[in-house]
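Below is one structure; the comments refer to it alone.
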Amino acid sequence: MSSEACDTIPIPQFTPDYTPKGEYELVDNRKVYVVGNRKATYALICIYDVFGFHKNTFQGCDYLATGTEDAPLVVMPDFFNGKVVPFNDPEARKAWSEKNAYQNHVPYLQTVLNWIKEKYPSIKVTGLYGFCWGGKFSIACARMDMVKAVALIHPSRLTESDADGIEDVPVLIIATKNETVESLAGLVSKLNKVEYVRMDDVFHGWCAARGDWGDALQKERAEEAMRKTNEFFHKALL
């Protein structure tokens, strides 16, 4: 649905130099970035990639929280509590990966969902959207209470079995040249409410911490991905 607000509320521009518009709240002694409509009827939870909080993921949150009078509340929990992947140390990276298997963060996601429900009673449903590691985490949690739709942007390590039990949950997949058609075919075939978008001129990670939005193509595709994500949740959750 369109409104006058669509024409009057400014949309954040995607830029390599960005100052987040939201604020932090503490949930179980961890930072949660919060932006948007505190009286919304739905919330979106951003699940970042292994690099944690980043100007690009902040920018995506702000985009999704802006633009219409029925925009959502958007939150991004700091699942890693500031301790992101030690990418250049193979041994430390292996230990970090074992500690931060997405299954280990499900309890904290439930804590955040409970917090949203208690603090923002107008919110009745929630969507998850995730990048890379966060994409796998998002689809794994699509059965959770309050979660009614998920968006996966350059997701990692998806398998056909990820569709089991969520065949009728609305799912958006935005894939790059690194997430091959063959690797996603089985999963896509089992989802009854899937929107599948390919952006084969960009690479895995471009829409999160690996992206350089000073590059014209990456910026254009990031804007397109967030626009499609916004449209998907607007349709699935309102």
Side-chain angles (χ1 to χ4, degrees), residues 11-18 44-68 71-72 74 76 85 87 102 127-142 149-160 162-163 166 169-237:
I11 297 293
Q13 296 299 305
F14 283 63
T15 170
D17 299 311
Y18 189 75
L44 300 179
I45 298 178
C46 174
I47 305 181
Y48 51 36
D49 61 14
V50 296
F51 299 100
F53 284 155
H54 188 273
K55 61 188 177 183
N56 292 352
T57 45
F58 284 127
Q59 203 162 168
C61 290
D62 292 355
Y63 177 90
L64 293 171
T66 309
T68 64
V74 181
M76 179 167 54
V85 63
F87 195 75
Y102 70 82
L128 307 178
Y129 72 100
F131 307 90
C132 184
W133 176 89
K136 179 72 170 184
F137 189 5
S138 294
I139 198 169
C141 295
V150 295
L152 321 175
I153 304 168
H154 48 73
S156 64
R157 305 182 187 281
L158 297 185
T159 66
E160 184 175 335
D162 287 323
I166 63 161
V169 173
V171 176
L172 170 66
I173 301 173
I174 299 179
T176 71
K177 61 185 179 183
N178 300 110
E179 298 85 47
T180 65
V181 172
E182 294 77 15
S183 69
L184 295 173
L187 173 68
V188 170
S189 70
K190 291 177 68 174
L191 294 169
N192 297 326
K193 297 182 178 180
V194 65
E195 293 185 27
Y196 179 32
V197 178
R198 295 207 59 86
M199 297 188 179
D200 289 310
D201 53 0
V202 286
F203 53 88
H204 179 83
W206 111 95
C207 204
R210 291 183 181 274
D212 173 10
W213 294 354
D215 176 84
L217 176 61
Q218 291 185 49
K219 176 180 182 291
E220 178 184 351
R221 290 290 180 261
E223 291 172 338
E224 182 181 357
M226 287 294 98
R227 183 172 65 252
K228 288 182 179 296
T229 300
N230 186 49
E231 292 169 353
F232 166 75
F233 282 123
H234 199 82
K235 180 168 61 176
L237 299 180

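Index from 1, following the sequence.
- Between Leu187 and Val194, the closest side-chain pair of non-hydrogen atoms is not below 4.5 Å.
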Stepwise, does the side-chain contact (heavy atoms from CB on, under 4.5 Å) test hold for Val188 with Val171? CA-CA 9 Å; Val188 170; Val171 176; over 6 Å; no
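- Tyr129 and Gly60 get closest at one heavy-atom pair: OH-C, 4.0 Å.
- Here the straight-line distance linking atom OG of Ser138 with atom CG of Leu158 works out to 10.0 Å at 0.5 Å rounding.
- Side-chain atoms of Asp162 never come within 3.5 Å of backbone atoms of Lys136 as a donor-acceptor pair (strictly under, hydrogens ignored).
- Residues Asn56 and Trp206 are not in side-chain contact: their nearest non-hydrogen atoms beyond the backbone lie 4.5 Å or more apart.
- Electrostatic pairing of Lys219 and Glu223 counts as a salt bridge here, judged by a charged N lying under 4.0 Å from a carboxylate O.
- The minimum heavy-atom distance between Thr176 and Val202, with the atom names listed, is CB-O, 3.3 Å.
- In this structure, the separation between OG1 on Thr229 and CD1 on Ile153 is 3.5 Å, given to the nearest 0.5 Å.
- Lys55 and Tyr18 get closest at one heavy-atom pair: O-CD2, 4.1 Å.
- Among all heavy-atom pairs drawn from Pro155 and Gly135, the shortest one is CB-CA, 4.2 Å.
- Between Tyr48 and Phe53, the ring-plane angle classifies as perpendicular under the 30° and 60° cut-offs.
- Here the CG-CD distance, from Asp17 to Gln59, works out to 9.5 Å after rounding to the nearest 0.5 Å.
- A 4.5 Å side-chain heavy-atom check between Tyr63 and Arg227 finds at least one atom pair inside the cut-off.
- Note that OG1 of Thr57 and CE of Met76 are 4.0 Å apart. Values are rounded to the nearest 0.5 Å.
- Few gaps surround CZ on Arg198; more than 12 heavy atoms of other groups in view lie less than 6.0 Å from it.
- Cys207 and Met226 get closest at one heavy-atom pair: SG-CE, 4.2 Å.
- At least one side-chain heavy atom of Phe131 sits under 4.5 Å from a side-chain heavy atom of Cys46.
- A donor-acceptor pair is defined here as one N or O able to donate and one able to accept, closer than 3.5 Å; such a pair exists between the side chain of Gln218 and the backbone of Asp212.
- In this structure, the side chains of Glu195 and Lys235 come closer than 4.5 Å at one or more pairs of heavy atoms.
- Residues Glu179 and His204 bring a donor and an acceptor atom of their side chains to less than 3.5 Å of each other.
- Between Asp49 and Ala209 the shortest heavy-atom distance is OD2-N, 3.3 Å.
- Put simply, OH on Tyr196 and CD1 on Ile173 are 7.0 Å apart, with the number rounded to the nearest 0.5 Å.
- Note that CG of Leu152 is 13.0 Å distant from CZ of Phe137, once rounded to the nearest 0.5 Å.
- Taking a cutoff of 4.0 Å between a charged side-chain nitrogen and a carboxylate oxygen, Arg221 and Glu224 qualify as a salt bridge.
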